[in-house]
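Take a look at the structure set out below.
Only this structure's heavy atoms are used, side chains among them; waters, hydrogens and symmetry mates stay out. Numbering of ligands and ligand atoms starts at 1, following listing order. None of the values given here were measured: they were computed from a predicted structure.
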Amino acid sequence: MHLPDYLEARTRDKRSYNRVSFQIDPSIEKKYVGKTYFIKTYGCQMNEHDSENISALLEALGFSKVEDYLEADLVLLNTCSIRENAHNKAFGMLGRLKHLKHEKKDLIIGLCGCMAQEKSVCDEILQDYKFVNFVLGTHNLYQLPEVLDKSIKENQQQIEVYSREGDLVEGVPVIRSNSYKAFVNIIYGCDKFCTYCIVPYTRGRERSRKKEDIIEEVKELVKDGYKEVTLLGQNVNAYGKDLYDDYNMGDLLEDIAKLDIPRIRFMTSHPWDFTDKMIEVIGKYPNIMPSVHLPVQSGSSRILKLMGRRYTRESYLELFHKIKEKVPGVTISTDIIVGFPGETEEDFQETMSLIKECQFDNAFTFVFSEREGTPACKLKDNTTQKEKEERLQRLNEVVNQIFLEKNQQLEGSILKVLVEGTSEKKDMFFGYSETNKLVNFTSRKEVLCGDIVDVEITSAKTWSLDGKRI
Ligand code: 5AD
Ligand code: SF4
């Protein structure tokens with residue numbers, strides 16, 4: 001048993017780590033043919049992509065996937081710690097699984113993802129959730145086959161969570177959930193330590209993959225007919241800093257843009273490391289999509305300082321306008337937290353005025369959620385939860401109005417859409433534009449998933465656009 005430790009998770013030293021190739025233990029390969037699995041994924045794209053690795057690891061053991069957890073022999077929760085509600089949802093699911101296990105004694109239950117890295121979660125599982133067969137941390141996900149097999153063989157709860165990052169493992173198998181769009185990890189972890197955020201503790205320090213490995217993966221995807229790659233990292237802008245002296249995110253973007261892949265996206269970008277080279281490259285290559293996710297979190301420099309964000313309202317706005325100016329037609333989306341400890345009505349009004357100035361194309365808005373072990377927990381807070389919820393509501397009314405107006409400006413224009421599927425009623429197709437707008441459209445001609453088609457926008461909604469293929 002290995003339990004997590006926040007003190008260790010917080011250390012950032014220059015200790016080197018090995019880069020090793022994944023290999024499955026041949027003695028357990030295909031050992032579970034005939035058994036089924038179900039994965040429930042919470043949280044961000046990083047988790048979604050981890051679940052694609054989990055699927056492949058389980059299928060290497062012989063498991064096959066089912067879409068209903070009631071039919072599964074193994075249920076795995078790939079969890080998220082970012083806010084309390086994600087945490088509560090996973091525990092809610094564990095409650096339902098507890099009942100299920102009463103009826104189905106052989107059911108195997110596993111928990112992995114960010115919550116596994118929280119000491120309090122592991123303690124709670126040890127204490128009150130003895131029916132959970134195994135807990136696996138984010139740094140050793142590739143050990144899933146061995147840990148799962150051991151928990152079954154020994155019929156004993158396994159908790160294998162490390163707070164030190166360990167090896168960087170290449171070649172972990174993957175079963176992608178989409179045949180046109182693929183996620184590609186470029187950097188793991190985060191060293192920013194924004195004071196509200198648990199990610200640097202659950203995902204460890206920044207570790208870049210080697211550029212050759214990333215480029216090789218994208219080349220394979222091109223060969224397999226993929227149309228879009230999303231380069232993933234908690235902060236992709238930090239790419240390369242731990243590995244190279246003079247090769248960074250701008251260089252990587254440029255090298256990938258030279259490959260024959262129609263669409264490149266990347267997320268998430270911290271405003272701090274967004275270099276001029278990145279802006280230049282995004283503006284230069286048509287296959288780098290003109291769509292940037294640039295979380296601002298707050299419009300008040302005082303709150304940004306308390307958040308440890310390393311930029312001010314003014315420097316954010318400067319960067320924002322520079323990107324808008326140098327990348328024609330770019331859309332910018334953001335994340336905003338309201339109700340950070342100490343946020344006053346004036347601070348909140350500064351966020352509202354920044355939103356109005358920036359006219360974001362999309363925004364993910366949250367009420368501050370206290371995460372145990374983060375510095376923001378210790379800050380004084382006089383605002384009630386009710387006031388915070390009200391701020392969120394006021395903010396959402398303004399951002400929704402902006403989204404609608406921005407979408408209305410697109411009526412009559414023609415957008416290139418990568419087709420992903422048909423709507424529920426099957427009478428419309430849907431996909432995303434280069435600027436990352438969700439577009440539903442009709443077509444008289446045949447449309448295939450994975451095609452990139454021209455769509456004329458006929459009407460705008462807050463969250464999507466309607467159109468017809470031309
Ligand atoms: N409370 C509320 N929102 C948070 N985020 C991160 N940590 C917290 C927290 N403790 C938000 C930030 C981040 C997004 C992924 O989640 O806005 O950009
Ligand atoms: Fe969290 Fe800040 Fe790192 Fe983003 S940059 S993952 S908000 S610590």
How far is atom 7 (N) of ligand 1 from its nearest protein heavy atom, and which residue and atom is that?
Tyr196 CD1, 3.3 Å
among protein heavy atoms, the one nearest atom 8 (S) of ligand 2 is Cys194 N, 3.4 Å
Using a strict cut-off of 4.0 Å, indicate which atoms of ligand 2 neighbour a heavy atom of Pro200.
8 (S)
May I ask you to list the atoms of ligand 2 that are less than 4.0 angstrom from any heavy atom of Cys197?
1 (Fe), 6 (S), 7 (S), 8 (S)
Would you say the side chain of Ile159 lies within less than 4.5 Å of the side chain of Cys122, judging by non-hydrogen atoms?
yes
Return yes if some donor-acceptor pair links the side-chain N/O of Glu160 with the main-chain N/O of Gly137 below 3.5 Å, else return no.
no
To check your reading of the model: name the closest protein heavy atom to atom 3 (Fe) of ligand 2, its residue, and the distance in Å.
Cys190 SG, 2.2 Å
Under 3.5 Å, side chain of Ser301 to main-chain N/O of Arg313, donor-acceptor pair present?
yes
Can you list the atoms of ligand 2 that are under 4.0 Å from a heavy atom of His270?
5 (S)
I'd like to know if the side chain of Thr41 reaches the main chain of Ser51, judged simply by a donor and an acceptor atom lying under 3.5 Å from each other, with no hydrogens or angles considered.
no
For Phe193, take its heavy atoms, then give the atoms of ligand 2 lying under 4.0 Å from any of them.
8 (S)
Could you tell me the residue and atom name of the protein heavy atom closest to atom 1 (N) of ligand 1, and the distance to it rounded to 0.1 Å?
Ser369 N, 2.9 Å
Would you mind checking which non-hydrogen protein atom is closest to atom 11 (C) of ligand 1, with the distance to 0.1 Å?
Arg83 NH1, 3.2 Å
Short version for Val367: what comes under 4.0 Å of ligand 1, heavy atoms counted, is backbone
Any donor-acceptor pair under 3.5 Å linking the side chain of Arg302 with the backbone of Gly342?
yes
What about Arg371: any of its N or O atoms under 3.5 Å from an N or O on ligand 1?
no
Numbered in order shown, the ligand 1 atoms found under 4.0 Å of a heavy atom of Gln297 are 12 (C), 13 (C), 17 (O), 18 (O)
Report the C-alpha distance between Tyr311 and Arg309 in whole Å, list the side-chain angles of each, state the deciding distance to 0.1 Å, and finish with yes or no for side-chain hydrogen bond (donor to acceptor under 3.5 Å, both in side chains).
CA-CA 6 Å; Tyr311 55 85; Arg309 288 292 286 179; 3.0 Å; yes
Taking only heavy atoms of Phe368, which atoms of ligand 1 are found under 4.0 Å from at least one of them?
1 (N), 2 (C)
For Tyr196 and Gln297, what are the C-alpha separation, side-chain angles and deciding distance, and is it a side-chain hydrogen bond (donor to acceptor under 3.5 Å, both in side chains)?
CA-CA 11 Å; Tyr196 51 81; Gln297 314 298 0; 3.2 Å; yes
Could you tell me, atom by atom, which parts of ligand 2 come under 4.0 Å of a heavy atom of Gln234?
6 (S)
Could you tell me if Lys211 sits above the aromatic ring of Tyr247, with its cationic atom closer than 6.0 Å to the ring centre and no more than 45 degrees from the axis?
yes
Shortest protein heavy-atom distance from atom 18 (O) of ligand 1, along with the residue and atom involved:
Asp335 OD2, 2.6 Å
Determine, step by step, whether Lys284 and Glu254 satisfy the salt bridge (charged side-chain N to carboxylate O under 4.0 Å, His left out) criterion, reporting the C-alpha distance in whole Å, the side-chain angles of both residues, the deciding distance to 0.1 Å, and the verdict.
CA-CA 9 Å; Lys284 180 169 164 194; Glu254 183 154 38; 3.5 Å; yes
Can a non-hydrogen atom of Arg309 be found less than 4.0 Å from any atom of ligand 2?
yes
What part of Ile337, side chain, backbone, both or neither, has a heavy atom within less than 4.0 angstrom of ligand 1?
side chain
May I ask you to check whether Phe360 and Phe320 place their ring centers less than 6.0 Å from one another?
yes
Please lay out, stage by stage, how Ser333 and Asp361 fare under the test side-chain hydrogen bond (donor to acceptor under 3.5 Å, both in side chains).
CA-CA 5 Å; Ser333 55; Asp361 286 86; over 6 Å; no
With heavy atoms under 4.0 Å as the rule, classify the contact between Phe366 and ligand 1 as side chain, backbone, both or neither.
side chain
Can you see whether Phe183 has Arg176 sitting over its ring - NZ or CZ less than 6.0 Å from the centre and within 45° of the normal?
no
Give me the residue, atom name and distance of the protein heavy atom closest to atom 7 (S) of ligand 2.
Tyr196 OH, 3.4 Å
Would you say that Ile175 contacts Glu52 through its side chain, given a criterion of any heavy-atom pair below 4.5 Å between the two side chains?
no
Going by the closest heavy atom to atom 6 (S) of ligand 2, which one wins out of Thr195, Ile198, Val199, Ile82?
Val199
Check Glu370 against ligand 1 and report side chain, backbone, both or neither, counting heavy atoms closer than 4.0 Å.
neither
